[in-house]
Amino acid sequence: MYDNRILRYFKGHKDRVVSLYLCVNACQEVLHLRGRPAVAYAQQGLVFAIAMEGGAVKLFDSRCYDKVNDIKFRNDGKSMLLTTSNKNIYVLDAYHGEKKCGFSLEASQGTSIEATFTPDGKYVLSGSGDGSLHAWNIENPSEVARWENNIGVVSCLKWAPCRAMFVAASTVLTFWIPNDGEAPAPADPPTDQQPPQ
């Protein structure tokens, strides 16, 4: 660096840099955290630690860090749902981090797939790369339902907070009402609202 040359310029970061750490393998991450965290990589570059405000220290496996697309907690807070970029879904114990069960999906090109717990926390619902919807029992890990849809790859799923209904979104929005032992019927959208553009 004796010639004052820039080796690499990172675009996009606009706030004040509060911590830097050099890693032995060619990894780079921009983390958006509150407060003034401290970050350190293990010598092998496989694990990094972040000391957060409030005194918490969290350890992360750098080989898996960028693979998690989505994370959710079950309503009771006892389980977490991880959806990964390699199209796997994992249910973990939220207190100990132990894997309870896992499910695999069909791959989809360029679309992130979202999974969600049912309101009772007993099932996981997800879209798949082939355009189908899947439901799995997490207490006795098995697929309990599979439904075909005509909206393409479902990238977003949300449950209605006070109804036995979920919404699936791709290029269009569909409302589903699950029935006992049957494929859920798409719900009729309200007639006073226009479909999203």
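Along the sequence shown, the residues carry numbers beginning at 1.
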Using a 3.5 Å distance criterion without hydrogens, assess whether the side chain of Ser170 forms a donor-acceptor pair with backbone atoms of Ile151. yes
Arg74 and Gly121 have their tightest heavy-atom pair at NH1-O, 3.1 Å
Is a side-chain donor-acceptor pair under 3.5 Å present for Asp120 with Thr118? yes
What's the spacing between Leu133 CG and Thr174 OG1 if we round to 0.5 Å? 7.0 Å
If we check ring-ring contact (aromatic ring centres under 6.0 Å, His included) with Trp136, which of these qualifies: Tyr123, Phe117, Phe103? Phe103
Has the side chain of Lys72 got a donor or acceptor atom that lies under 3.5 Å from a matching backbone atom of Ala115? yes
Nearest 0.5 Å, please: how far is OG in Ser155 from CG in Asp70? 11.0 Å
First locate atom CD of Glu98, then atom OG of Ser79, and finally report the distance between them rounded to the nearest 0.5 Å. 11.0 Å
Supply the atom-to-atom distance Leu92 CG to Cys101 SG, rounded to the nearest 0.5 angstrom. 9.0 Å
Is it possible for you to say whether Phe166 and Val144 belong to one hydrophobic cluster, with membership spreading through side-chain heavy-atom contacts below 4.5 Å? no
Between Ala164 and Trp159, the two heavy atoms sitting closest are C-CZ3, 4.3 Å
Nearest-0.5 Å distance, CD1 of residue Ile89 to CD of residue Glu114: 10.0 Å
Checking Ser142 side chain against Asn140 main chain: does a donor-acceptor pair fall under 3.5 Å? yes
Atom CG of Leu105 and atom CG of Asn88: how far apart are they, to the nearest 0.5 Å? 7.0 Å
Give me the atom names and distance for the closest heavy-atom approach of Met80 to Ile71. SD-CD1, 4.0 Å
Glu148 to Trp176 - nearest heavy-atom pair and separation: O-CH2, 3.9 Å
Shortest non-hydrogen separation from Ser126 to Leu157 and the atoms involved: CA-CD1, 3.5 Å
Quick one: do Trp147 and Leu125 satisfy side chain to side chain contact (heavy atoms under 4.5 Å, CB included)? Show the steps, please. CA-CA 11 Å; Trp147 307 293; Leu125 185 68; 3.4 Å; yes
Hey, does Lys100 have a side-chain heavy atom less than 4.5 Å from the side chain of Ile138? no
